[in-house]
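Quick note: numbers below take in every heavy atom, side chains included, and nothing from hydrogens, waters or symmetry partners. Every number for a ligand or one of its atoms is a count from 1 in the order of the listing. No experiment lies behind these values; they were computed from the predicted model shown.
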Amino acid sequence: MSFTLPPLPYAHNALEPHIDQMTMEIHHGKHHQAYVDNLNKALAGTDHENKSIDELMATMSTLPMAVRNNGGGHFNHSLFWQLLSPNGGGQPTGKIADAIEKELGGLDKFKADFANAGMTRFGSGWAWLCVKADHSLCVCSSPNQDNPTMDLSECKGTPILCVDVWEHAYYLHYQNRRADYLAAFWNVVNWAEVLKRYEDAIGK
Ligand code: MN
């Protein structure tokens, strides 16, 4: 079995002006494709080549660095595309809105904490909103292509929202202005998908 690049669920220009077409073309078609290709190369002929992406994440501490970097890259980007939408933005609804209010001090406080997680991640990485094993929410960040489903991750949980803070995610349009990219990100967040993933994680 080998992994394949999932199609973007919208056109490359659909997230403009917040995320530009060329960034999406290169990010999805070149960067994500390279993670998929290099993951397949790293797994070919090994005992791990028939494992699912979730199994790979859960046993990452036993796997080579090439699987960690490229498997993480494939997992993270596959999730990220789903969490963006040209019809996104606005406010969360339902149980995730209630949980953000109750557990994270409200939407504005959560947005500030999430952006701060992205801003303070030195170098390349991701910011996350996760559901922990006890069903509580947490905001954290990870380096490189690590994620909270990896057994070796400092921050562990089921990710329900993420943002890519690698320079390749924003540099063409925002150059060094990571804060502007993170502010624009809220205009394309797919809150319906965040809600669905939250309900799945807590078992409704
Ligand atoms: Mn990326």
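Of all N, O or S atoms in D164, the one lying closest to the Mn ion (ligand 1) is OD2. Note on H168: its N/O/S atom closest to the Mn ion (ligand 1) is NE2.
For the cysteines C155 and C138, the sulfur (SG) atoms lie at a distance of at least 2.5 angstrom from each other.
Between the side chains of H32 and H74, a donor-acceptor pair is found at a separation under 3.5 Å. Looking at H173 and H18, their side chains never bring a donor and an acceptor atom within 3.5 Å of each other.
Side-chain contact between R178 and Y171 is absent, with no heavy-atom pair separated by less than 4.5 Å.
The distance from the Mn ion (ligand 1) to the nearest N/O/S atom of H31 is not under 2.8 Å. The Mn ion (ligand 1) has no N, O or S atom of H32 closer than 2.8 Å.
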